[in-house]
Number of protein chains: 2
Amino acid sequence: MPNIDKCTEKLIKEKATALFFVLGHINASSQEIADYAGVKRTLVNYYFRSKNNLFKITYDELITNLKSSLKKIYISKQPFSNKVEELIDFLIFFRESYPYLEKFNIQEINNINRSADSILQPQGSAELNYFIKEVEQEMENGLIKKYHPINFILNIFSLVSFPIVMKPLFIEIFDIDKSEFIALLKARKQVIKTILFN
Amino acid sequence: MPNIDKCTEKLIKEKATALFFVLGHINASSQEIADYAGVKRTLVNYYFRSKNNLFKITYDELITNLKSSLKKIYISKQPFSNKVEELIDFLIFFRESYPYLEKFNIQEINNINRSADSILQPQGSAELNYFIKEVEQEMENGLIKKYHPINFILNIFSLVSFPIVMKPLFIEIFDIDKSEFIALLKARKQVIKTILFN
DNA sequence: AAATTGTTTGACATTATTGTCAAATATTTT
DNA sequence: AAAATATTTGACAATAATGTCAAACAATTT
């Protein structure tokens, strides 16, 4: 069965991305990927050589998007508090679009076998450093409390990401409806902003 | 080779716990577990029937400890701010003792195949509800900002756990020494307390 | 010391998954 | 339409991991 609307390679890649990072089948077998894309398993090898390579490609694309968006925000010309707000909004949006990306990061971060050719290649950037300098500036100005500026970044990422990553667990622990928790997370955006500033 | 000091069953269980949750080999093969304990692989099956069962047993023991400690803190008779401080201290201590426990939680939480007999059995408790009531009380008193009390709990767990879970990633992103980051996390305890209260 | 019970071992069968390859089929170029 | 190229398919080999089992061995009881 030939594909009319989309070339097979693109199709496989898109379906794999959704399977990995939207549906959370991070360890899907090549058979599972092929089935989800509606193609034979061998085509995964034909177009991408190996399942791992396919995974690496989809992961790299997502991370590249993420990084590029973050960098734009870090150096954007706008009042600091607006910038933080934009950062929070974007992070929430991205985490909810690909809720399982962070899950993979966590799985891989601590992987014993992680080597130089690891899929994960975290790195800082000039843009991030610029933002950190700005945080220090605002600490001088008294807008935020004074401590190591990295803490401010840690706070943002922690307060936004952790509840999303742990959502199913928290729903059971707090014994509330899924919809109620989602509403809570929505309202939480304001809570986070309040907490971050004096 | 017979074991003198410790019966084989206990030995395997202890080594497996360390391998899983201290060293982070969450997906260790039965061979790896046996090697680490210095016994033949079949003994894992002999004493624990299956690798999965062994994992479940070690996991359950850890979680039982964790829950019981948390419950004690939740209902302990002491000023609210001291209680929160104790909670933070304990959480940091526990996360650093078993840094990979949370990693497993995150892996499993979203597992598609998670069924009724899943290893994960999160649940609330009367003690937690008691603590939440107390949080609401302190919001009335003006010690903490007013919002859905669950946010306060989310904040504590997020601010403590996320930087520990993501430690290796943050070290690379912020391009700082491991020792420097550990020092930062140590000092961070105070940062968290400051943030949580008005 | 013979019998019973508990523990350890190596060999085996089973299952799941991966990547390769040659043959079949479709598409494009000449 | 013949040739060349690209894509798809099914069969195959290799690998890794799991759990079972009977036999060997050790310890304990009678």
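Each chain gets a letter, A, B and so on, in the order its sequence line appears, and its residues count up from 1.
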Under 4.0 Å from OP1 or OP2 of C/dT7: is there any side-chain N or O of B/Y46 that close? yes
Give one of base, sugar-phosphate or nothing for A/Y47, where a contact means two heavy atoms less than 4.0 Å apart. sugar-phosphate
Nucleotides 22-25 of chain D: which of its N/O atoms have a protein N/O under 3.5 Å away?
none

Counting the benzene-type ring for Trp, do A/F55 and A/F20 have ring centres under 6.0 Å apart? yes
Classify the ring geometry of A/F152 against A/F80: parallel below 30°, tilted from 30° to 60°, perpendicular beyond 60°. tilted
With B/I192 as reference, evaluate B/V84, B/V160, B/I156 under the side chain to side chain contact (heavy atoms under 4.5 Å, CB included) test and give the passing residue. B/V160
Taking the inter-plane angle between the rings of B/F174 and B/F170 on a 0 to 90° scale, is it parallel (under 30°), tilted (30 to 60°) or perpendicular (over 60°)? parallel
B/N105 and B/Y59: side chain donor to acceptor below 3.5 Å: yes
Is it true that B/D35 and B/Q31 share a donor-acceptor pair across their side chains at a distance under 3.5 Å? yes
Ring-ring centroid check B/Y74 B/F131, cutoff 6.0 Å: yes
Dump the pairs, protein N or O against N or O of nucleotides 13-15 of chain D, anything under 3.5 Å, distances to one decimal.
none

Generate the contact string for nucleotides 10-18 of chain C. Rules: B means base contact, S means sugar-phosphate contact only, - means no protein heavy atom under 4.0 Å. B-------B
